[in-house]
Amino acid sequence: MILILSSNTDPQSAEYRQLTSHLAGLQGIRTRVHTEHGAEQTLTEIYLIGNTKALDLADMQNLPCVERVVRVSEEYRILGRHKDDPRPSHFEYNGVRFGQDTLNVFAGLCAVDNAEHVELMLKALHDNGQVCTRMGAYKPRTSPYAFQGHGKNCLPYVFELAGKYGIKVIAMEITHESHLDEIRAALQQTGSPTGVMLQIGTRNTQNFELLKIVGRQKELPVLLKRGFGITLDESLNAAEYLASEGNRNVVFGLRGMKTNMGDPHRNLVDFAHVPVVKRLTRMPVCVDPSHSVGSRAASPDGILDVFHATAQGVVAGANMVLVDFHPAPLKALVDGPQALLLKELPHFLEDVRIAREAYLQRAALQQRFAQ
Ligand code: PEP
Ligand code: MN
């Protein structure tokens, strides 16, 4: 059960103390307080954990400071979408809104190789009106002999160039808690010219200790990729780990499932789960067509499978697209064969716009027929 308190409730007030002492007296119930400090108001939610079935909704509603009571199911208590749940399905970071109602494209390098390629990529994004990108500095690789990413050494120039080209959010995978420290240090050292969305890759979806550490910081939002070989429920619980530690600014990423049933694609594209995740949770949903498809193969209509998969995700209501581009794919150190070319960026963005328009028209059609 969640008690949503009136905005700007003062934790020093007599009413608040009255509320907490009442809650402390409830048998078999523990509480967990979550506070969200926004620009205009502070929102407080109190989670009641334990045998809440015995509690009467109306009684709880009448407690001091309580504006609303939501009875949550066991599943995804914080990030879940529960019955009559008024909690938001969006958040804002560095001036960019991430919600179940918006769409942001994160085109960029799978792996940072050199400053020249980073700058060419960022300039192309800027010229095409984009404010988000992906830039891999820490790469989890199958072979220990493969390029592992430039790590902290590339962060200063990546952040400075991002600032130069007006990029506000960079999705960047981390695989260890030290990477979080390195990113924060580099942001501070460069004067935070941009923002970072921490990415938990599919190999780490159930790295619970990493999830807890990333969840304990609330400064940077998180893109959690679905685990490649676990159920959707298991991956959604992994997202809940982040929120249960305090960070609820989480985007959930679909990136295909590892099975040769998806051949000749790298993974079996799972974008039919976009509406499922939006129904079960309040998280914005990302699709990663590059790591799902894994090649530049095209259909007889000439359209690349990566474009088709993107459109399938967007037409189903996806809120974010993470996609690999590279100025010189033959020279890319990671995933060159699936990268789109810079000259394909305007085409890709227009294709995404068409798919988004189709989604919005479908949503409007649904509204019309529902009346
Ligand atoms: C990536 O986005 O660079 C990546 C490695 O993705 P995934 O974790 O989905 O394989
Ligand atoms: Mn990759």
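Numbering of ligands and ligand atoms starts at 1, following listing order. Just so you know, residue 1 is the first one in the sequence shown, and it goes up from there.
For atom 10 (O) of ligand 1, the closest non-hydrogen atom on the protein side is Arg255 NH2, 2.8 Å. Counting only heavy atoms of the protein, atom 7 (P) of ligand 1 lies nearest to Lys225 NZ, 3.3 Å.
In this structure, the side chain of Thr194 does not engage the main chain of Phe159 through any donor-acceptor pair within 3.5 Å. Without hydrogens or angle criteria, His265 side chain to Asn267 main chain gives no donor-acceptor distance under 3.5 Å. Put simply, the side chain of Arg141 gets close to the backbone of Phe147: a donor and an acceptor are under 3.5 Å apart. No side-chain donor-acceptor contact under 3.5 Å links Gln130 to the backbone of Phe106.
For the Mn ion (ligand 2), the nearest N, O or S atom contributed by Asp335 is named OD2.
Considering Leu322, Thr202, Asn204 only, the shortest heavy-atom separation from atom 8 (O) of ligand 1 involves Thr202. Around atom 2 (O) of ligand 1, the closest heavy atom drawn from Lys258, Glu173, Arg134 belongs to Arg134.
Atoms of ligand 1 lying under 4.0 Å from at least one heavy atom of Gln199, given by number and element, are 1 (C), 2 (O). Residue Gly201 has at least one heavy-atom neighbour below 4.0 Å for each of these atoms of ligand 1: 8 (O).
Distances from the Mn ion (ligand 2) show that Asp324 has no N/O/S atom below 2.8 Å.
Using a 4.0 angstrom heavy-atom cutoff, Arg226 does not count as in contact with ligand 1.
Outside the 6.0 Å centre-distance limit, the rings of Tyr76 and His82 are not counted as a close aromatic pair. Two rings, from Tyr241 and Phe208, have their centers less than 6.0 Å apart.
Under the 6.0 Å distance and 45° angle rule, Lys123 does not count as a cation-pi partner of Tyr165.
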